[in-house]
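A short write-up of the structure that comes next.
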Amino acid sequence: MSLNHSPETQTKLIARVPAITGRELPEWFQAIDNGPAFLRCDERANWLADEHGLTHGYAAAIVHEHERHRRNRMGFI
């Protein structure tokens with residue numbers, strides 16, 4: 001998944017997720033895991049934004065972070 005923002009912006013968005021959304025990242029990851037089985041990251045971000053009222057920037061940052069964690073768990077670089 002390519003980012004529409006810089007790595008620095010990604011880091012700042014992710015750090016603010018709990019304060020802005022009221023939910024920690026593991027909760028968002030669980031929502032993604034339990035949500036529809038979209039193939040593309042942008043589809044997951046759009047669903048997350050629509051379903052949970054997030055801005056697209058935060059939704060995309062959460063999805064990107066979820067993908068990064070998933071790849072790390074699976075042993076991909």
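A quick note: this is a predicted structure, and the numbers were derived from the prediction, not measured.
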> Going from CD1 on Ile32 to NE2 on His69, what distance comes out if it is rounded to the nearest 0.5 angstrom?
Replying inline: 10.5 Å

> With a 4.5 Å limit on heavy-atom distance, are the side chains of Trp28 and Glu65 in contact?
Replying inline: no

>> Less than 4.5 Å apart, side chain to side chain, heavy atoms only: is that true for Arg68 and Arg71?
In response: yes

> Only one of Val17, Leu48, Val63 forms a side-chain contact (heavy atoms from CB on, under 4.5 Å) with Tyr58, so which one is it?
Replying inline: Val17

> Does the side chain to side chain contact (heavy atoms under 4.5 Å, CB included) test come out yes or no for Phe29 and Arg70, once each step is laid out?
Replying inline: CA-CA 9 Å; Phe29 294 170; Arg70 187 182 65 78; over 6 Å; no

>> Between Ile14 and His64, is there a side-chain heavy-atom distance shorter than 4.5 Å?
In response: no

> Counting only N and O atoms by type, is there a donor-acceptor contact under 3.5 Å from the side chain of Gln10 to the main-chain atoms of Ala61?
Replying inline: yes

>> Within the supplied structure, the quantity of interest is the number of heavy atoms (other residues, nucleotides, ligands) at a distance under 6.0 Å from Glu43 CD; does it exceed 12?
In response: yes

> Rounded to the nearest 0.5 Å, what separation is found between the CZ atom of Arg40 and the CG atom of Asp42?
Replying inline: 4.0 Å

>> Can you give me the closest heavy-atom contact between Trp47 and Pro36, atom names plus distance?
In response: CE2-CD, 3.3 Å

>> Could you go through Asp33 and His66, starting from their C-alpha distance and side-chain angles, then the distance that decides it, and tell me whether this counts as side chain to side chain contact (heavy atoms under 4.5 Å, CB included)?
In response: CA-CA 9 Å; Asp33 289 339; His66 177 263; 2.7 Å; yes

> So how far is it from Leu13 CG to Ile62 CD1, rounded to the nearest 0.5 Å?
Replying inline: 9.0 Å

> To the nearest 0.5 Å, how far apart are CD in Glu67 and CG in Asn72?
Replying inline: 11.0 Å

